[in-house]
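We count residues from 1, following the sequence as given. Order of appearance sets the numbers: ligands from 1, and atoms from 1 within every ligand. Basis for what follows: all heavy atoms, side chains included, without hydrogens, waters or symmetry-related copies.
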Amino acid sequence: MSKSPLIRTLSDLQFGNQFAQLGEEFFARVQPTAISAPYLVAHSPALFSELNFAGELIQDHSFLDVFSGNQLATGSLSLAAVYSGHQFGVWAGQLGDGRALLLGDLSIADKSEKQEFQLKGAGITPFSRSGDGRAVLRSSIREFLCSEAMAGLGIPTTRALCVIGSEQRVLREQVEKTAIVTRVAPSFIRFGSFEHMYYQGKGEQLRELADFLLQQHYPELQDDAQPYAALLRNICERTARLIAQWQSVGFMHGVMNTDNMSVLGLTLDYGPFGFMDGYDAQHICNHSDTSGRYRYELQPQIGQWNCHALAQAMLPLIGDVDTTQEALSTYVPTYEARYQELMLAKLGLISADATMREQDTALLEKYLELMARNRSDYTLSFRRLSQITSGRNASADDLAAQYQQERTLLDLFLDRESVQAWLQDYRTRLQRQAGDESARQQAMNRVNPKFILRNHLAQQAIEKAEQHDFSEVRKLLDILTHPFDEQEENAHYAKEAPEWAKQLSISCSS
Ligand code: AMP
Ligand code: MG
């Protein structure tokens with residue numbers, strides 16, 4: 001495949017503005033507000049490479065200015081999009097990019113869609129309401145690391161190109177340093193973008209938005225007999241599959257408001273997110289979520305609720321309730337099939353038929369139950385499972401090795417006896433599975449990450465960064481970019497969260 005020439009300097013960058021094709025009803029043109037003395041906190045080498053950006057681009061004298069919003073890149077229009085949304089289940093009316101500015105888009109060789117670039121934290125917009133248009137260094141580092149960690153896990157997400165810090169401060173619960181993250185995605189259009197036009201009674205714009213989406217991002221649906229219903233169905237399916245992936249790695253978004261839901265099925269707007277440490281399906285990662293609406297076990301249902309809100313907004317386009325409901329009805333079966341597929345792969349099981357799949361699912365549920373009862377670390381409980389062998393044709397030496405394998409897994413559980421009993425069933429099941437054991441183990445290690453962005457790891461990197469030491473941010477980024485690799489030298493980054501991590505309070509304030 002031919003690679004396009006590397007982009008080495010900012011003068012090689014020519015921004016287009018696909019989103020600006022939509023009329024003035026969709027955005028406001030706003031210049032970023034300059035910040036003082038910008039400096040580089042970190043950039044994502046993986047994303048640079050995907051965008052054909054040369055490493056040396058970071059040395060371009062304009063890099064800091066462009067990605068801090070101090071200077072507009074060639075062709076960039078700089079606009080804030082308007083959208084509305086349901087927040088915590090309640091209609092919130094108009095919201096919008098209160099602190100994000102779209103610079104424009106670039107065509108990247110080998111990518112079918114253009115990539116939009118957005119600065120988050122670049123100053124006040126007409127949609128800032130009472131906000132200051134800024135983002136703090138702490139939350140910017142969290143968004144940066146998690147975006148790239150999710151990409152490393154193979155989960156659809158908006159990406160993060162770089163974090164640029166400034167000595168400028170803002171007031172949150174305390175005075176904090178500010179920063180700007182450059183986010184990259186084919187589009188930042190949200191469920192709330194549709195809801196906005198629907199609730200404002202702007203039928204023409206609603207259609208314009210759907211047509212734009214079909215043309216730019218779902219061209220394969222344009223010739224469908226009912227393109228708007230097909231669009232809704234596809235968004236529901238992507239959302240269902242996305243949330244199945246979240247569940248499978250123990251990711252909790254924290255604020256699944258409809259304004260934070262991407263119409264491309266990407267993970268969008270990283271705020272009070274978290275990864276599951278000790279398994280607890282009722283875990284609430286966002287301290288501002290007092291009712292637990294967005295707790296882990298409810299994410300799939302909330303995804304469906306959000307799809308309903310989108311369907312409501314798209315009803316005038318689709319025309320009738322039955323067709324709309326039919327499109328919506330794909331959500332549950334899509335979610336269930338994908339979740340089951342992902343979770344059984346985590347156990348390394350290939351179910352030969354429906355009966356076996358049912359038995360395998362029961363085995364999975366039993367394991368989750370044991371994890372819940374013991375509050376065992378979600379990530380490690382799956383990762384260490386790959387060390388278990390079936391015991392088929394085992395020699396005495398193998399049995400000794402088997403004991404060793406079990407021990408590291410059992411260390412995660414207080415109630416060892418129950419787990420040992422479960423392991424017996426698991427081994428019996430593995431014995432029924434044809435094929436090479438080491439191939440199974442490798443396959444399990446490709447779906448059960450060893451490294452996730454644990455809150456305490458992010459916190460340690462943030463604390464150093466507050467002291468102008470970015471080594472830990474960069475180190476973590478590097479580890480999380482390939483989370484399935486053993487990386488023996490980084491073993492301590494895979495450890496369970498320490499006790500103090502439980503005290504970390506992650507809220508909406510960012
Ligand atoms: P979020 O909960 O981060 O998705 O934010 C909800 C809405 O509030 C979005 O429209 C944001 O753009 C806006 N917002 C959040 N923080 C700020 C801020 N510091 N300044 C301006 N707008 C903000
Ligand atoms: Mg948001």
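Among the atoms of Asn260, an N, O or S atom is found under 2.8 Å from the Mg ion (ligand 2).
Taking the six-membered ring wherever Trp is involved, the centroid distance between the rings of Phe63 and Phe67 falls below 6.0 Å. Taking the six-membered ring where the residue is Trp, the centroids of His468 and Phe470 are separated by under 6.0 Å. A centroid separation of 6.0 Å or more is found between the aromatic rings of His43 and Phe53.
Within 4.0 Å of ligand 1, heavy atoms belong to protein residues Tyr83, Gln87, Leu95, Gly96, Asp97, Gly98, Arg99, Ser128, Arg129, Gly131, Asp132, Gly133, Arg134, Arg172, Asn260, Asp269.
For Asp269, the N, O or S atom with the smallest separation from the Mg ion (ligand 2) is OD2.
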Quick one, Ser78 with Ser76, criterion side chain to side chain donor-acceptor pair (under 3.5 Å). Give me CA distance, side-chain angles, the key distance, then yes/no. CA-CA 6 Å; Ser78 179; Ser76 169; 5.6 Å; no
Could you check Thr157 against Tyr270 for side chain to side chain donor-acceptor pair (under 3.5 Å), going step by step and ending with a plain yes or no? CA-CA 10 Å; Thr157 178; Tyr270 292 92; 2.5 Å; yes
Does Gln216 form a side chain to side chain donor-acceptor pair (under 3.5 Å) with Ser187? I'd like the steps, not just the answer. CA-CA 9 Å; Gln216 300 289 339; Ser187 173; over 6 Å; no
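Using modelled atom types, one side-chain atom of Asp97 and one backbone atom of Ala81 make a donor-acceptor pair closer than 3.5 Å.
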